[in-house]
Amino acid sequence: MQRERETYDLLILGSGSTSFAAATRARELGKTAVMTEARTLGGTCVNRGCLPSKNLIEAARLVYDAAHPLYPGLTPARLDIDFPALIAQKDELIHEYRQQHYTSLLEEQEDSAGVAVVHGRAELVDPHTAEVRMPDGSVRRLRGEQVVIATGTSPAVPDLAGLTETPYLTSDLLSSGEAQELTELPSSLVILGGGYIALELGQLFARLGAAVTILERSGRILNEYEPEIGIALTDILRAEGIHLVTRAQVELVSGDASGVQVYATVRDQPQEFRAARLLLATGRRPNTANLGLERVGIRLDGHSAVMVDEYLRTSVPHIWAAGDVIGRETESQMATPVGAHDGGIVAENALAGAKRTVDHSVVPRAIFTDPQVAVVGVTDREANARGFDCQCNTIPLSVVPRAGAIRDTRGVIKMVLERPTQRVLGVSMLGAQASEVIHEAAMALRFGATADDFIDLIHVYPTMAEALKLVAISFTKDVSKLSCCAS
Ligand SMILES: Cc1cc2nc3c(=O)[nH]c(=O)nc-3n(C[C@H](O)[C@H](O)[C@H](O)COP(=O)(O)OP(=O)(O)OC[C@H]3O[C@@H](n4cnc5c(N)ncnc54)[C@H](O)[C@@H]3O)c2cc1C
């Protein structure tokens, strides 16, 4: 067994977008850094998250839109689906993207003596040292003056009767080159969970031809979002033929390679659901187990996320954490740009004593269903819980000229205002191009804009962004009775 010991300015556990941001900033500061990676370089987003899901979601949209043209005069067309070829292009895309945005960066950085990667599972054996068990069984000891934990999350597997004997998929089905990758289109799929991964993947597979059932435990999907969004999206998904069941308490699962059965209590009635495959989309769990965190005194919160302060410092002064592994600590969100932003902060705080604090109050987020969901700031419920005297309005997108022009009026937009100042506290939208529109709202929140600021801003006509102006106007006028572009 080979044993080495190496010392770096920054020892980073993980190699996802958070780690890359930290490593890159370390290099810019003239410091040395090492990343460790137990799976594939680049982490979740590029290998099994954002990139593959958005690639396949768009392919499925093309299939669906061809079969369901919104315009009379266009004849529905059936696009043939070669699923293995679709998966192969996804894998190729991931490979190219990983090479371009991750691997090649390292090659450049190593030239300038900055960042190294050690492949293998890392565990802290003392507050400055990680042991990395390499694929060939050898162990390398890496020492960091400062340490960053950026090990991300993994699919949470619920404690469910029968699950250990039943084959199941997780969002890891999107991975490329790993055993969990799905390479055959299932004829039917039962999905447990009603969060964004369940909905994105559910609609994707339904549009590719699978019979999809989504079982959500609570009374509505997207529980933490504005209720208007979950309710409207439920209708849209059901209209597409997805069997979406709420208040479904799963009791037992069983099955084998030929199919699965899910036994649930739905509104007090026992029900059985059968499908070719079972997909678990019941949340994500921080990768904090077997990392040696307890050994070195790092505290976790009730969701097993690493606890950090506003500088992203853990309970051990020279150990920092950022990205998905901190969960909702410091009001953070589990999303790639958050980790990529905060990874840089961590490196500056750790290596340059920058004392930068994180601000997660304005983090725009999107769900890539069709239509998309996008949100920023607080919801009605959150604003009330925080003691704001607030005022909310929701309008249907049918009042937005662009939506009418493109014959896609699905969705709603809701705005939350602080009543005395009319400052905008939050915006939630379900509708075409919501993930783009939300940036105007995010910038507005960042600079403390009021409803009048949205109204006074001349918007391009006709765009989906006019939804923001119209919802702002709706606090004082009936927007269904406005002439074109009027405020
Ligand atoms: C299906 C899906 C779709 C998504 N879509 C989007 C989207 O559209 N937009 C968006 O912003 N976000 C999306 N996300 C979330 C996004 O992928 C994550 O927020 C982001 O990847 C987190 O980055 P990270 O660097 O913190 O962690 P990760 O990218 O998870 O990286 C952590 C790395 O640490 C490694 N690791 C863990 N333990 C060890 C150990 N002991 N030793 C060595 N290495 C270890 C892991 O293997 C992993 O590669 C999606 C996620 C999923 C699952």
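Note that ligands are numbered from 1 as they come in the structure, with each ligand's atoms numbered from 1 the same way. This structure is a prediction, so every number in the text was calculated from the model and none was measured.
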Can you sort out which atoms of ligand 1 are near [X], meaning under 4.0 Å from one of its heavy atoms?
X: Ile197; answer: 52 (C), 53 (C)
X: Met334; answer: 19 (O)
X: Arg39; answer: 47 (O)
X: Arg284; answer: 53 (C)
X: Pro337; answer: 11 (O)
X: Arg48; answer: 1 (C), 47 (O), 48 (C), 49 (O)
X: Thr44; answer: 17 (O), 21 (O), 28 (P), 29 (O), 30 (O), 53 (C)
X: Gly120; answer: 42 (N), 43 (C)

Does any N/O atom on [X] come nearer than 3.5 Å to any N/O atom on ligand 1?
X: Ser17; answer: yes
X: Ala335; answer: yes
X: Asp324; answer: yes
X: Ser53; answer: no
X: Asn287; answer: no
X: Thr18; answer: yes
X: Glu200; answer: no
X: Cys45; answer: yes
X: Leu13; answer: no

Below 4.0 Å from any atom of ligand 1, is there a heavy atom belonging to [X]?
X: Gly343; answer: no
X: Glu123; answer: no
X: Arg365; answer: no
X: Ser171; answer: yes

Please state which option from [options] has its nearest heavy atom closest to [atom].
atom: atom 32 (C) of ligand 1; options: Ala281, Gly43, Ala150; answer: Ala150
atom: atom 4 (C) of ligand 1; options: Cys50, Ser332, Ala289; answer: Cys50
atom: atom 43 (C) of ligand 1; options: Ala38, Gly323, Ser154; answer: Ala38

Lys/Arg N to Asp/Glu carboxylate O, [X] vs [Y], below 4.0 Å:
X: Arg27; Y: Asp9; answer: no
X: Asp235; Y: Arg410; answer: no
X: Asp301; Y: Arg328; answer: no
X: Glu226; Y: Arg381; answer: no
X: Glu131; Y: Arg140; answer: no
X: Arg295; Y: Glu123; answer: yes

Is a side-chain donor-acceptor pair under 3.5 Å present for [Y] with [X]?
X: Gln89; Y: Asn55; answer: yes
X: Glu6; Y: Tyr8; answer: yes
X: Arg217; Y: Gln249; answer: no
X: Asn47; Y: Arg98; answer: yes
X: Thr330; Y: Glu310; answer: no

Which atom names give the shortest non-hydrogen contact between [X] and [Y], and what distance separates them?
X: Ala122; Y: Val132; result: CB-CG2, 4.1 Å
X: Thr151; Y: Gly14; result: CG2-N, 4.4 Å
X: Arg277; Y: Pro186; result: CG-CB, 3.6 Å

Quiz item: Heavy-atom distance under 4.5 Å between the side chains of Thr288 and Val325, does that happen here?
Solution: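 SC-SC contact between Thr288 and Val325 confirmed.
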Quiz item: Do the non-hydrogen side-chain atoms of Trp320 and Val308 ever get within less than 4.5 Å of each other?
Solution: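 They are not in side-chain contact.
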Self-check item: Structural part of Leu174 in contact with ligand 1, heavy atom criterion under 4.0 angstrom
Solution: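 The side chain, only.
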Quiz prompt | Leu201, portion touching ligand 1 at heavy-atom distance under 4.0 Å | solution =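 For Leu201, there is no contact with ligand 1 at all, from either part.
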Quiz item: Should the heavy atoms of other residues, nucleotides or ligands under 6.0 Å from CZ of Arg446 be counted, would the total exceed 12?
Solution: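 Check fails, neighbour count at 12 or below.
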Quiz item: Does atom NE2 of His95 have more than 12 heavy-atom neighbours, drawn from other residues, nucleotides or ligands, at distances under 6.0 Å?
Solution: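 Atom NE2 in His95 is not crowded, with 12 or fewer foreign heavy atoms closer than 6.0 Å.
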Could you tell me the residue and atom name of the protein heavy atom closest to [atom], and the distance to it rounded to 0.1 Å?
atom: atom 51 (C) of ligand 1; value: Tyr196 OH, 3.3 Å
atom: atom 16 (C) of ligand 1; value: Thr336 OG1, 3.3 Å
atom: atom 5 (N) of ligand 1; value: Lys54 NZ, 3.1 Å
atom: atom 34 (O) of ligand 1; value: Gly14 CA, 3.3 Å
atom: atom 33 (C) of ligand 1; value: Glu37 OE1, 3.6 Å
atom: atom 2 (C) of ligand 1; value: Gly49 CA, 3.4 Å
atom: atom 31 (O) of ligand 1; value: Gly16 CA, 3.5 Å
atom: atom 27 (O) of ligand 1; value: Gly152 CA, 3.3 Å

Exercise. Say whether, by atom type as modelled, one donor and one acceptor occur between the side chain of Arg284 and the main chain of Thr153 under 3.5 angstrom.
Key: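 At least one qualifying donor-acceptor pair exists.
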